[in-house]
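Everything on this sheet refers to the single structure shown next.
What you see is a predicted model, and the numbers here were worked out from it, not measured in a lab. We're numbering straight along the sequence, starting at 1.
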Amino acid sequence: MTRMKSIGAAFAAILLSSVAAHAGDVRIMWYSDGGEGEVIKDLLSRFSKANPDVNVILDEVSYDVVKEQLPVQLEAGQGPDIARVTNLKAPAQHWLDLRPLLADAKYWDDNFGAQADWMRPDGSNAITGFMTQLTLTGGFVNKTLFEQAGVEIPGPKATWDDWAAAAKNVADSQKVFAMAIDRSGHRVSGPNISYGANYIAADGKPAPIDQGAKDFLSRFVKWNEDGTINKDVWVSAAGTTYRSAAEDFINGGLAYLYSGSWQVSGFAQKIGDNFDWVMAGSPCGSVACSGMQGGAGLVAVKYTKNPKDVAKVMDYLAGADVQKEFAERSLFIPAHKGVAAGQMDFKTDNPHVQAALKAFVEAAGQTAAPAMKLPGWKWSDAYYSAIVARISQVIAGEMKLDDAYARIDEDIKAKVAGN
């Protein structure tokens, strides 16, 4: 008898995902940013009805479980059969090559090939999974707060300095926080690159943190110190723990949030008509106005006991009709080339959503070349993690900024040396 199980508690999910699979079991570790969990459950229920010999078990977990606990399981040769992850390249040695197991590998190459290298070992032609959506970082504006404060929303070529000043004026008028950036090294990397940062050295290894990154990070620290940015976002968690500032925005207590396109679905559901909001691209630095492309990938784990069943589930989820429905219902930018080239009918009557998704698609064209290289670079997560850990310590008053730069380089060197 088929069944699909959703587990809310993170601890239970950790235990379940490390349990050895039985014949016919396909266990999926899944996290959600918005309403996509309900969509994937519905789609998988149809698969289960049509394939009673495959027992699909969906373990819904927090993003922290995927980020912090899954790597530990993988290093122990354990884990789920399939996982939804954002750290795609660094752990690629743990992903299963589906190419010999798929019904039509050429279909995958044609429709998912553009991002395939993001999630496979360097030099490999393995098919390890697909992107559940493409994402782009960018800014969200509480338009209602700006209007109430009588502050003009900065234009498309506005700098980070322009946005900080405008948001601070709104905050002072409306008694809210001015700005917030998700506690994520990925999230500050677009701004870093906009000021000229390049993380990748000529030999492909991590470069020392450069002046471009320092130009933005020094601003970021200053804004946290003077109250322009809500410092609680970065000091309320330890180490490399991710913390989104989305709830602050949803609650109407934030004039400007720098996050990404994956928030659109959640905003549509949770903000409703409480206030007007718009997506405003990425502010400009001295050399670019770049966000970071990326997304969450659904990957097969090579420690599965049931590779053929895993491939069957993945083939189903990668189908054009399923991909189109998932994107339209989840309000995601599709990664499937064929689906993206066609007409999309996003399932929402929220006027902010269509405008936001259109704006994200337009902003993708401004992504700087160094940012385009990072999703498929092995050391991206090492760089992101080092930035989060050390800059958080600066904001908390535990370390001087120049010392943090040195420690970031040391942390990254240690990570490279250990691999």
Side-chain angles (χ1 to χ4, degrees), residues 33-34 63 137-155 158-192 194 216-238 241-264 266-285 291 352 356 359 387-388 391-398 401:
D33 288 306
Y63 179 70
T137 58
F140 293 94
V141 184
N142 186 320
K143 184 180 178 183
T144 298
L145 286 176
F146 270 77
E147 290 174 345
Q148 290 173 174
V151 176
E152 185 176 351
I153 294 176
T159 66
W160 275 98
D161 291 337
D162 295 333
W163 274 103
K168 188 66 163 60
N169 287 338
V170 174
D172 291 343
S173 168
Q174 301 299 302
K175 308 307 178 188
V176 295
F177 286 112
M179 298 174 68
I181 300 178
D182 293 340
R183 189 179 195 269
S184 161
H186 174 271
R187 222 66 77 244
V188 296
S189 289
N192 285 350
S194 293
F216 178 74
L217 292 174
S218 62
R219 283 174 164 82
F220 180 63
V221 169
K222 174 181 173 293
W223 291 331
N224 274 274
E225 291 173 345
D226 69 17
T228 300
I229 285 180
N230 179 8
K231 68 187 299 181
D232 287 347
V233 175
W234 277 61
V235 301
S236 63
T241 301
Y242 173 75
R243 176 168 166 350
S244 172
E247 287 301 320
D248 301 320
F249 187 78
I250 290 167
N251 294 334
L254 188 60
Y256 178 88
L257 167 67
Y258 194 76
S259 190
S261 58
W262 57 91
Q263 301 288 10
V264 170
F267 288 174
Q269 292 179 13
K270 297 178 181 179
I271 295 175
D273 59 2
N274 291 339
F275 60 84
D276 291 333
W277 56 275
V278 295
M279 185 272 173
S282 285
C284 298
H352 305 304
I387 288 174
V388 168
I391 296 301
S392 293
Q393 288 182 292
V394 176
I395 295 169
E398 300 170 358
L401 186 54

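Residues R183 and S392 bring a donor and an acceptor atom of their side chains to less than 3.5 Å of each other. Side-chain atoms of Y258 and S282 form a donor-acceptor pair, as typed in the model, at a separation below 3.5 Å.
Minimum interatomic distance between A167 and A255 (heavy atoms only, all atoms of both residues): O-CB, 4.3 Å. Taking both residues in full, the closest heavy atoms of P283 and G281 are given as CD-O, 4.0 Å, listed atom of the first, atom of the second, then distance. In this structure, A245 and A180 approach most closely via the heavy-atom pair CB-CB, 3.6 Å. When all heavy atoms of V176 and G253 are compared, the pair lying nearest together is CB-O, 3.5 Å.
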H186 and T137: CA distance, side-chain angles, deciding distance, side-chain contact (heavy atoms from CB on, under 4.5 Å) verdict: CA-CA 9 Å; H186 174 271; T137 58; 3.5 Å; yes
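With hydrogens and angles ignored, the 3.5 Å screen pairs no side-chain donor or acceptor of T241 with any backbone N or O of A237. Listed for the R243 side chain is no donor-acceptor partner under 3.5 Å among the backbone atoms of W234. A donor-acceptor pair under 3.5 Å is absent between the side-chain atoms of D182 and the main chain of S184, judged by distance alone. D248 contributes no side-chain N or O that, together with a main-chain N or O of L254, makes up a donor-acceptor pair within less than 3.5 Å.
Put simply, the side chain of P191 reaches to within 4.5 Å of the side chain of W160, judged on heavy atoms. With a 4.5 Å cut-off on side-chain heavy atoms, F216 and V188 count as touching. Y256 places none of its side-chain heavy atoms less than 4.5 Å from the side chain of V170. With contacts defined as side-chain heavy-atom distances shorter than 4.5 Å, the pair I250/F267 qualifies. L401 is listed as a side-chain neighbour of I391, based on a closest heavy-atom distance under 4.5 Å. Contact check for K231 versus E225: no side-chain heavy atoms found under the 4.5 Å cut-off. Between V233 and I181 there is no side-chain heavy-atom pair separated by less than 4.5 Å.
For the atom pair R219 CZ and N192 CG, the distance stands at 11.0 Å (nearest 0.5 Å). In this structure, CD1 on I395 lies 7.5 Å from CD1 on I229, to the nearest 0.5 angstrom. Atom-to-atom distance recorded for S244:OG and L257:CG is 6.5 Å, nearest 0.5 angstrom.
Each side-chain hydrogen bond (donor to acceptor under 3.5 Å, both in side chains) pair with one or both residues in residues 139-153, not counting sequence neighbours, appears once here: Q148-Q174.
In this structure, the side chain to side chain contact (heavy atoms under 4.5 Å, CB included) partners of D172, at least two apart in sequence or on a different chain, are K168. Under the salt bridge (Lys or Arg N to Asp or Glu O under 4.0 Å) criterion, D162 pairs with no residue, sequence neighbours left out.
Considering F220, W163, F177, W223 in turn, W223 is the only one that fulfils the side chain to side chain contact (heavy atoms under 4.5 Å, CB included) rule with T228.
Using bins of under 30°, 30° to 60° and over 60° for the plane-to-plane angle, the ring pair F249/F275 lands in the perpendicular bin.
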